Amino acid sequence: TEGDYSDILFALANATDAASLDAAFSSDSLKDYINALIVINDIKKAPSDFEGGLGYFLILYFVDEETGESCVATTGATSIVAQLCVAHARNMLPLRCKVMQKDKPTKKGYYPMHLQTSGL
């Protein structure tokens with residue numbers, strides 16, 4: 001929720017070098033993980049300024065299976081938000097999935113994304 005600084009404070013408390021002091025204030029976009037296998041452990045909802053969107057986006061806390069790295073990324077992709085809301089409501093987290101994006105854009109120029117959750 002807005003005004004909840006616990007994640008930032010946790011990241012700062014666990015900083016091991018000068019570069020990691022800045023990591024608490026940035027996150028990747030889930031678009032940076034197209035075709036990656038990830039395990040989503042937790043999600044948080046945050047308000048969005050994106051015009052015409054859902055009005056919020058999700059902050060994802062996950063592990064990149066290829067690197068073993070714990071990561072944080074954001075997404076406002078409607079399909080992914082819907083998938084993760086259902087997964088969270090039905091206690092399906094942690095969720096192993098592959099981040100997918102269509103090759104062809106929509107008429108408005110967006111490349112739809114979703115999470116592949118089967119056949120992995």
Side-chain angles (χ1 to χ4, degrees):
T1 60
E2 194 169 356
D4 179 3
Y5 299 102
S6 58
D7 289 340
I8 292 172
L9 294 174
F10 181 78
L12 290 171
N14 288 296
T16 57
D17 56 30
S20 57
L21 288 171
D22 189 42
F25 302 98
S26 64
S27 65
D28 294 330
S29 167
L30 197 58
K31 290 178 185 178
D32 297 334
Y33 295 90
I34 302 287
N35 295 318
L37 279 171
I38 64 174
V39 178
I40 301 171
N41 294 306
D42 196 15
I43 59 173
K44 289 190 179 178
K45 182 173 116 175
S48 173
D49 296 334
F50 184 73
E51 188 85 20
L54 297 171
Y56 63 92
F57 64 94
L58 295 180
I59 304 166
L60 285 58
Y61 301 87
F62 62 94
V63 173
D64 181 328
E65 280 200 355
E66 183 178 331
T67 66
E69 181 182 5
S70 292
C71 304
V72 177
T74 61
T75 186
T78 304
S79 294
I80 292 178
V81 170
Q83 286 179 291
L84 290 175
C85 286
V86 170
H88 182 267
R90 296 190 178 155
N91 296 313
M92 295 179 191
L93 298 179
L95 180 68
R96 184 173 187 255
C97 54
K98 185 174 182 180
V99 182
M100 306 298 291
Q101 179 176 281
K102 295 282 187 185
D103 293 330
K104 183 180 174 185
T106 64
K107 289 179 182 179
K108 292 186 177 183
Y110 297 110
Y111 289 83
M113 295 175 65
H114 74 280
L115 299 174
Q116 178 184 339
T117 58
S118 62
L120 303 176

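Small disclaimer: the values here were computed from a predicted structure and weren't measured. Atoms considered below: every heavy atom in the structure, side chains included; atoms not considered: hydrogens, waters and symmetry mates.
- Taken to the nearest 0.5 Å, the CD atom of Q101 stands 9.0 Å off from the CG atom of N35.
- A search for side-chain contact (heavy atoms from CB on, under 4.5 Å) contacts involving M92 returns A87, R90, not counting sequence neighbours.
- T106 is linked by a side-chain contact (heavy atoms from CB on, under 4.5 Å) to K108, Y110, P112, counting only residues two or more places apart in sequence or in another chain.
- Counting heavy-atom neighbours within 6.0 Å of D49 CG, excluding the residue itself, gives a total of 12 or less.
- Other residues sharing the hydrophobic cluster of V81, ordered by chain and number and joined by side-chain separations under 4.5 Å: L30, Y33, I34, I38, I40, I43, L54, Y56, L58, L60, F62, I80, L84, L93, L95, V99, M113, L115.
- Taking NE2 of H88 as the reference point, atom NZ of K44 lies at 10.5 Å (rounded to 0.5 Å).
- Rounded to the nearest 0.5 Å, atoms OG1 (T74) and CG (D32) are 8.5 Å apart.
- Under the side-chain contact (heavy atoms from CB on, under 4.5 Å) criterion, E69 pairs with T67, C71, sequence neighbours left out.
- Members clustered with L37: L120, by chain and number, using a 4.5 Å side-chain heavy-atom cutoff among hydrophobic residues.
- By the side-chain contact (heavy atoms from CB on, under 4.5 Å) test, A82 pairs with no residue at all, sequence neighbours left out.
- Between A77 and T75, the shortest heavy-atom distance links the atoms N-OG1, 3.1 Å.
- Distance alone, capped at 3.5 Å, is enough to place a donor-acceptor pair between the Q116 side chain and the S118 backbone.
- Atoms OH and NZ, from Y111 and K104 in turn, are 11.0 Å apart once rounded to the nearest 0.5 Å.
- More than 12 heavy atoms of other residues, nucleotides or ligands sit less than 6.0 Å from atom NE2 of H114.
- Pairing each heavy atom of A73 with each of S29, the nearest pair is CB-C, 4.0 Å.
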